[in-house]
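A quick write-up on the structure given underneath.
In what follows, chains carry the letters A, B, and so on, assigned in the order in which the sequence lines appear, proteins first and then strands, with residues in each chain numbered from 1.
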Amino acid sequence: MARYLVPLGIFLVIVVFLGVGLGLNPRQVPSPLIDRPAPTFNLPQLHATDQRISPESLRGQVWMLNVWASWCVSCRQEHPVLVDLAKSGVVPIYGLNYKDQRDEALRWLQQWGDPYKLSIMDPKGTTGIDYGVYGVPETYVIDKAGIIRYKQIGPLTPEILRDTILPLVRKLNA
Amino acid sequence: MHKIILLLVLIAGWSAGPVAGGQAKPVSEDPVLEQRVMHLANELRCLVCQNQTIADSQADLAVDLRNQVREQLKQGKSEEEILAYMVERYGDFVRYRPPVKMQTLVLWVGPFLLLAGGMFVLLRFMRRRRQLPESDAVSQKRLDEAAQILRSKKDGR
């Protein structure tokens, strides 16, 4: 009996491991920045380049930082989701324009709509490195104390917004 | 003759190929610094193309991270400090050789455990096999018997 049960047991263990492994997304690398203070920056605004902004000036509110670029194809895909969210006014969205050309970024916003309170420019991508950005678009939810609470790698979908981000924002605002 | 020329051309192309490929060209003038950059870059994973180091990858992010490594080495930071800088931002996954920690223990010890388990099973199997009686082997006598049965069946028809 054990002759058959042992291989069967090993087989089942392997099936479970492989099954779980198939469901994981290797692109979703857990960020070490969750529950840590949002890295600071001091970057010029996209529209008013003479004005600079830092995350400290956004303390006291729950906000979203969305990393985007005009060259980023998936950003175009998630853009309507952001526009809808901005219209609802539930949470302010700030854009980090990552490794982009200013004129192209401005044209992109004009063409597809601007969901951002404001965007900041990170043409060399150094702030991107501080935030551990490796696959644009990425989105961070940052709480009133300036702590990163959530990171989304890849485009936002209405489902992620409904099931994860909006409940989190509500909780953080409570 | 044509075939020989073609062969020569192919060989020439083949031997020239690897020279043109290979690692990224050094950017800075200082070969010692560049060697240190490449050494560290070989320890860091490119998160865009995950099975490559940032030394091998030509992805935008890999180039940026190489520049970051170069800048920080120029500033006199140690290799440990730069690795810590990367892990702080991208997590342990950014290290091509993951550190031995509680969370990565299975990764490091698992294969050896599996190997030991496999050896154990194999040894037991072999020992049991040796203990089996030799009766499995077909003796000449039984072969003769079988031949006789076959013959008698044929005759009977």
Please determine whether residues [X] and [Y] belong to a single hydrophobic cluster, defined as Ile, Leu, Val, Met, Phe, Trp and Tyr linked transitively by side-chain heavy-atom distances below 4.5 Å.
X        : Y        : answer
A:Tyr116 : A:Tyr140 : no
A:Tyr98  : A:Val141 : no
A:Val83  : A:Leu46  : no
A:Ile53  : A:Ile148 : yes

Counting heavy atoms not belonging to [X], are there more than 12 under 6.0 Å from its [atom1]?
X        : atom1 : answer
B:Gln148 : CD    : no
A:Glu104 : CD    : yes
A:Gln110 : CD    : no

From [atom1] ([X]) to [atom2] ([Y]), nearest 0.5 Å:
X        : Y        : atom1 : atom2 : answer
A:Ile153 : B:Leu47  : CD1   : CG    : 8.5 Å
B:Gln68  : A:Lys124 : CD    : NZ    : 11.0 Å
B:Phe93  : A:Tyr134 : CZ    : OH    : 8.0 Å

Would you call B:Asp64 and A:Lys99 a salt bridge, using N to O less than 4.0 angstrom?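 Result for this pair is yes, salt bridge flagged.
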Side chain, backbone, both or neither: which part of A:Val133 has an atom under 4.5 Å from a heavy atom of chain B?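 The backbone, not the side chain.
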What part of B:Val94 gets closer than 4.5 Å to chain A, counting heavy atoms only: side chain, backbone, both or neither?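 Looking at B:Val94, nothing touches chain A.
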If I measure from the heavy atoms of chain A, does B:Asp60 come under 4.5 Å with its side chain, its backbone, both, or neither?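 Interface part for B:Asp60: both.
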Taking all heavy atoms of B:Glu88 and all of A:Leu33, pick out the closest pair and write down the distance.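 Minimum heavy-atom separation between B:Glu88 and A:Leu33: O-CD2, 4.0 Å.
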Minimum heavy-atom distance B:Gly91-A:Pro32, with the two atoms named: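 What the structure gives for the nearest pair is N-CG, 3.2 Å.
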